[in-house]
Amino acid sequence: MPRSAETPAPLLQATALTRHFPITQGMLLRRRTGAVRAVDGVDLAVRRGETLGIVGESGCGKSTLASLLMAMDRPTSGTVRIDGRDPFSLSAPELRALRRQVQMVLQDPYTSLNPRMTAGQIVGEPFAVHPDAVPRADRGRRVAELLETVGLDPAHRDRYPHQFSGGQRQRLGIARALALGPQLLLCDEPVSALDVSVQAQVLNLLQNLRRDLDLACVFISHDLAVVQHLCDRIAVMYLGKIVETGTREQIYLTPRHPYTRALLAAAPVPDPRRRTADGTHLLDGDLPSPASPPEGCRFRTRCPSAREECRVEPDLRPREGSDHPTACHFPVDTTTWRTNA
């Protein structure tokens, strides 16, 4: 009997990932008085060729998590592994080589591009950092190919960022990210700064690139409609923690965590009367401070179903009657949920 193939290791994996920023007081003798728990024990994995969406309100730690996954910031504790390697244990040349596999598309396409560089210089800049990636004689041709790949005219390579529209600038950022042939793109709110009419074009481009280049992708957003369009799996983040994770169908058709349901219920729909037809409670109040999160379940101060048991922190695991992990002692009944589709 043939031996079954082993499951390949994730391309990107985070285990018990934590990032706390110290709070200090005093002018001369500074002393630590607390910490901002931006990311507080996150586990996630991204397999080759798949797209993982990370969603949550502003201030829940999504961008800090992105910096940790890119090895741009060192975690307080926990580990990150890129293609099985710990980036924080590598030498500078080894880390530079590893970072070629993971590239980032930033939120604001205007501030992330050097206004003094032309489009061709911007897209070709990675070749100056990694001169062995493409021979010098072939770089002009490669830049033209990259511009065409993202739907830009190579004849406009001598234009500056201010001469492009917002959507075109984001395409420039994507072309630059693709220059080194990465295996994974980390997209941090890549369409939130764009007009609604342009967002769909950039999302379709990312979807096509993922399919054509067999890219893995981590897509960070607060817009659930965007994540639903693009992602295979979704992780819902609240106050530094993952509170629910599953496939796109599991999260949108059978959400179990009250926070996930509140996010879905708050998403714009053509008929507002349908939004709360299932009686889902919309979010009240502001996100608590990550410097002093609530005891136990961090969502309990805003949860309509909070009980005394919620003062004990729930672990992220599949609950009774569910096929995906939820960090909730009393997950909501899936039979009451109605989709907005």
Side-chain angles (χ1 to χ4, degrees), residues 5-19 38-56 60-92 94-107 126 130 133 173-174 176-190 206-207 209-221 226-227 230-237 240-248 250-251 316 324-325:
E6 295 183 0
T7 303
L11 177 60
L12 176 68
Q13 185 168 23
T15 304
L17 198 60
T18 298
R19 183 65 170 102
V39 176
D40 206 15
V42 167
D43 296 318
L44 58 81
V46 184
R47 295 182 289 271
R48 299 175 189 275
E50 79 165 350
T51 298
L52 172 69
I54 300 176
V55 298
C60 73
K62 303 188 301 294
S63 293
T64 301
L65 178 59
S67 297
L68 296 172
L69 297 178
M70 283 289 297
M72 297 168 60
D73 189 15
R74 183 176 291 271
T76 304
S77 62
T79 60
V80 175
R81 292 196 174 274
I82 301 173
D83 201 15
R85 306 178 72 186
D86 178 2
F88 301 106
S89 67
L90 302 178
S91 65
E94 290 173 330
L95 179 58
R96 188 181 305 113
L98 184 64
R99 278 187 170 147
R100 290 173 58 169
Q101 300 183 33
V102 183
Q103 293 292 305
M104 196 167 190
V105 179
L106 299 171
Q107 178 176 357
H130 301 272
I174 295 171
R176 179 178 59 185
L178 295 175
L180 299 175
Q183 298 182 48
L184 183 143
L185 284 184
L186 199 156
C187 304
D188 187 7
E189 299 271 12
L206 289 171
Q207 186 80 295
L209 290 173
R210 174 202 160 187
R211 181 191 65 240
D212 297 342
L213 303 178
D214 194 27
L215 287 172
C217 181
V218 175
F219 194 93
I220 295 173
S221 178
V226 167
V227 172
L230 197 65
C231 300
D232 302 308
R233 291 190 300 116
I234 297 168
V236 181
M237 195 169 183
K241 289 185 172 291
I242 302 297
V243 298
E244 185 167 10
T245 182
T247 65
R248 175 176 52 202
Q250 288 169 338
I251 295 299
L316 182 66
H324 62 279

Check whether any side-chain N or O of R48 sits under 3.5 Å from a backbone N or O of L11 as a donor-acceptor pair, and report yes or no. no
Quick one: OG1 on T79 to CG on L68, what's the gap to the nearest 0.5 Å? 11.5 Å
Nearest heavy-atom pair of C217 and V46: which atoms, and what distance? O-CG1, 4.3 Å
Roughly how far, to the nearest 0.5 Å, is CZ of R81 from CZ of F88? 11.5 Å
Of all heavy-atom pairs linking P182 and A177, the shortest is CG-O, 3.3 Å
Taking all non-hydrogen atoms of both residues, which atom of L185 and which atom of L206 are closest, and how far apart? CD1-CD2, 4.5 Å
Atom pair CG/CG of L95 and D86 - distance to nearest 0.5 Å: 10.0 Å
Is there a donor-acceptor pair under 3.5 Å between the side chain of E50 and the backbone N or O of R47? yes
CD (Q207) and CG (D212) are apart, to the nearest 0.5 Å, by 10.0 Å
When you compare the side chain of H324 with that of T247, does any pair of heavy atoms fall below 4.5 Å? no
Give the minimum heavy-atom separation between P75 and L17, together with the two atoms involved. CB-CD1, 3.6 Å
So does V55 get a backbone contact from the side chain of S221, meaning a donor-acceptor N/O pair under 3.5 Å? no
The reported gap from CZ in R85 to CG in L90 (rounded to nearest 0.5 angstrom) is 5.0 Å
Between D43 and A16 (side chain of the first, backbone of the second, donor and acceptor by atom type, cut-off under 3.5 Å), is there such a pair? yes
Name of the residue among V243, L44, I220, V39 meeting side chain to side chain contact (heavy atoms under 4.5 Å, CB included) with M237: V39
Is the closest side-chain heavy-atom distance between V102 and M70 below 4.5 Å? yes
Measure from the side-chain N and O atoms of K62 to the backbone N and O of I54, and report whether any donor-acceptor pair falls under 3.5 Å. no
Indicate yes or no for a side-chain donor-acceptor contact from T245 to the backbone of I234 under 3.5 Å, with no hydrogens or angles considered. yes
Roughly how far apart are E244 CD and L316 CG, rounded to 0.5 Å? 8.5 Å
Donor-acceptor under 3.5 Å (R19 side chain, R74 main chain): yes
Between D232 (side chain) and T51 (backbone), is there a donor-acceptor pair under 3.5 Å? yes
Closest non-hydrogen contact found for S63 with D188 is OG-OD2, 3.1 Å
Measure from the side-chain N and O atoms of R248 to the backbone N and O of G53, and report whether any donor-acceptor pair falls under 3.5 Å. no
Name of the residue among Q101, R100, Q103 meeting side chain to side chain donor-acceptor pair (under 3.5 Å) with Q183: Q101
At their closest point, which heavy atom of L12 faces which heavy atom of V80, and how far apart are they? CD1-CG1, 4.1 Å
